[in-house]
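Residue numbers count from 1 along this sequence.
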Amino acid sequence: MRWWEAFALAVIIILLPPQQPLILPNSTGPRQVLLSPGYMLATPIKVQLNGTYIEINISSSNVINAYVVSSSNYSQYFLPAYTASLFRWSGTSILAQVGPLTHGYYYLVIYNPGTQNAFVILNVWTEPVNIYKIRSSQPAPIGIADYGVANYSGSLSPYVESFNKIIGYASIKALNATSNVYVLKGVTTSLQLNVMFVTNGSQENVYWLQDVALFNTNTHTVFFEDSIWNSDGIGAQISPSISGNGRSYGDYYAYIYGPEGYSLPLNLALLINSRSEGGTVQISFGYQVNGQRAVWYDNVSFQEPGLLNAYMEVNGYGYTPAGNFYDAELVFGGPANGGETYINKINASLKLEYLGQSGPFLPKQLYGFGSDTAETLYGAGTFVMNGTAYVLPGQPSFEPLYEATPPPFSATVSLPSVEVEYADLPLHIYSRTTGGLAPYTFIIIVNGTRVATLNTYTGVINETIYLNPLPAGTYNVTVISKDSAGSESFSTFQVHVVETLMTQLFNGPIGLITSIALAAVGLIIYLISNSLKRNNLYQWYLIT
């Protein structure tokens, strides 16, 4: 930097109005800030998945203004009214939920408009999906559903599962239903296997897959129907390259197969298999009756530009771009077209199974109702007996079918650098947890004093913590990793603080003289500026 550029920068820093933002680290958890009059602070918040909500809890000693803005609308220079803000508020206390949001960075901006310091306690975090967003009472699809949200003694914890094959097993001993919606051949009820499918290529796309058995319980005949819906947003179209036994209808593809006769008791398995090769996605829909050979009645393929991978997904952290759950459902419902049905008789046990790269596995948590499908019913509920889920006549419960058991908790913590400079003392901390119950808390302690607390649902911390300068020497840093069930893990490090030559100079006599000189130069320029304004010379100077 040339000397006159350094001089100009020093003058700007001295004369800068008191409205520059204090940028807090990108993290979640309680923090305390003393905000001077006319100052603002900004907290970046990373939303990893579409549909995530930001939870805000603020208390302040004086009235403050708060805004939530997208990264594209954020300004480091305070704007009196963030007209493009997603949320705005003024007062001394707040408890709010902002969302659903698409993935990306957002900023919580807090501004002190008063004449006194504001002592602000701030807590910001993101939340998993609300499983009762769509259904919480009859009519509803009834059966078993995995929303990616585990219930551990009343505490909810999101998780993600990816797999390439899903099987829905149903052992049906009794089934009779009445519907006032007439569809194909008098169908009265349906059993649906529904799951979200994600492709990653030149962009991420989300599809909703359905493998459905359509029952006419009066004639004991069954049709099979598959469909693929584009869940990238309202009105999103299905790929024009899609091919199979069926046809596309704008935003979805569908095919109907059958009918076939059936008798009770009936052991039925609905099957969806997926694979990707090159730039092509292939999805197969099938069924299996009474243990006989599986029938793959439709094999669908379509092109995805730049395809890298494709998989079915259960994800409790957010919603699809169209606002649906990333869930897996095996549920009874109405016949079709969003219709309702009334269950006269039913006795069916249900089971979901996934097949991933490491083999078959079961859902971590099940609920007794579905949400993504529009077909619903009255007169039945899901009940668990001896570890098996049954759909029987009665009133449904919308509570979890059972409490999940969290896997053992462990945490790996590392400090990439154990030698830091006196000037700003940054500590870069990386941690990854396995098992346990989210949300997770990370407490950073330096020589017995807590200096930071971070919270996350994802179990991954990759943060830089800025501390007040410390004298040169060796310090003990302890990171306590905790899950919400009370399990803890301790990691201890030694960090060496060193003084650079520049630090030594600026903290000695030369630093004091330099500071006084810069302040004097700034004052002189300020006085000259005012003099020019009084003599009407300032405006003339700017024009020429």
Side-chain angles (χ1 to χ4, degrees), residues 8-45 54-71 73-98 105-125 424 450-453 465-469 511-512 514-535 538-539 542:
L9 180 61
V11 171
I12 291 173
I13 292 174
I14 293 170
L15 299 180
L16 207 60
Q19 292 181 342
Q20 293 303 291
L22 167 65
I23 305 295
L24 296 181
N26 173 31
S27 62
T28 57
R31 280 158 292 179
Q32 301 178 1
V33 178
L34 188 64
L35 198 58
S36 301
Y39 273 78
M40 75 176 192
L41 64 85
T43 302
I45 305 167
I54 296 175
E55 297 282 345
I56 302 171
N57 190 349
I58 304 173
S59 62
S60 174
S61 59
N62 300 310
V63 172
I64 56 173
N65 299 334
Y67 311 85
V68 174
V69 296
S70 63
S71 58
N73 289 322
Y74 168 72
S75 172
Q76 65 176 347
Y77 300 100
F78 178 68
L79 303 177
Y82 266 98
T83 56
S85 63
L86 304 171
F87 172 82
R88 66 181 66 182
W89 166 91
S90 180
T92 57
S93 64
I94 178 175
L95 181 61
Q97 184 185 70
V98 183
Y105 271 96
Y106 296 81
Y107 285 86
L108 171 63
V109 180
I110 298 177
Y111 173 66
N112 181 4
T115 58
Q116 297 180 343
N117 291 336
F119 180 73
V120 180
I121 300 177
L122 168 66
N123 194 5
V124 183
W125 68 98
D424 52 9
R450 180 186 297 202
V451 297
T453 301
I465 308 298
Y466 291 92
L467 307 177
N468 293 326
L512 178 61
T514 303
S515 300
I516 294 173
L518 288 174
V521 171
L523 179 60
I524 292 170
I525 292 178
Y526 176 76
L527 293 174
I528 293 174
S529 173
N530 280 348
S531 176
L532 290 173
K533 289 179 182 178
R534 287 195 299 270
N535 291 283
Y538 189 67
Q539 184 177 4
L542 288 177

Output, in order, the C-alpha distance, side-chain angles, deciding distance and verdict of side chain to side chain contact (heavy atoms under 4.5 Å, CB included) for V68 and I45. CA-CA 10 Å; V68 174; I45 305 167; 6.0 Å; no
From N65 atom CG to S60 atom OG, the distance as rounded to the nearest 0.5 Å: 10.0 Å
Would you say the side chain of V63 lies within less than 4.5 Å of the side chain of S90, judging by non-hydrogen atoms? yes
Check: V98 and L108 side chains under 4.5 Å, non-hydrogen atoms: no
About how many Å separate CZ of F87 and CD1 of I56, when rounded to the nearest 0.5 Å? 5.5 Å
Atom pair CE (M40) and CD1 (I64), whose distance is rounded to the nearest 0.5 Å: 13.5 Å
So L86 and Y106, do their side chains get closer than 4.5 Å, heavy atoms only? yes
Atom pair CH2/OH of W89 and Y67 - distance to nearest 0.5 Å: 11.0 Å
Please report the interatomic distance CD1(I94) to CG(N123), rounded to the nearest 0.5 Å. 12.0 Å
Got a second to check how far S70's OG is from Y107's OH, nearest 0.5 Å? 10.5 Å
Residues 112-120 side chain polar contacts: donor-acceptor under 3.5 Å, at least two apart:
from : atom 1 : to   : atom 2 : distance (Å)
N112 : OD1    : G114 : N      : 3.1
N112 : ND2    : L35  : O      : 2.9
N112 : ND2    : S36  : O      : 3.3
N112 : ND2    : Q116 : O      : 2.9

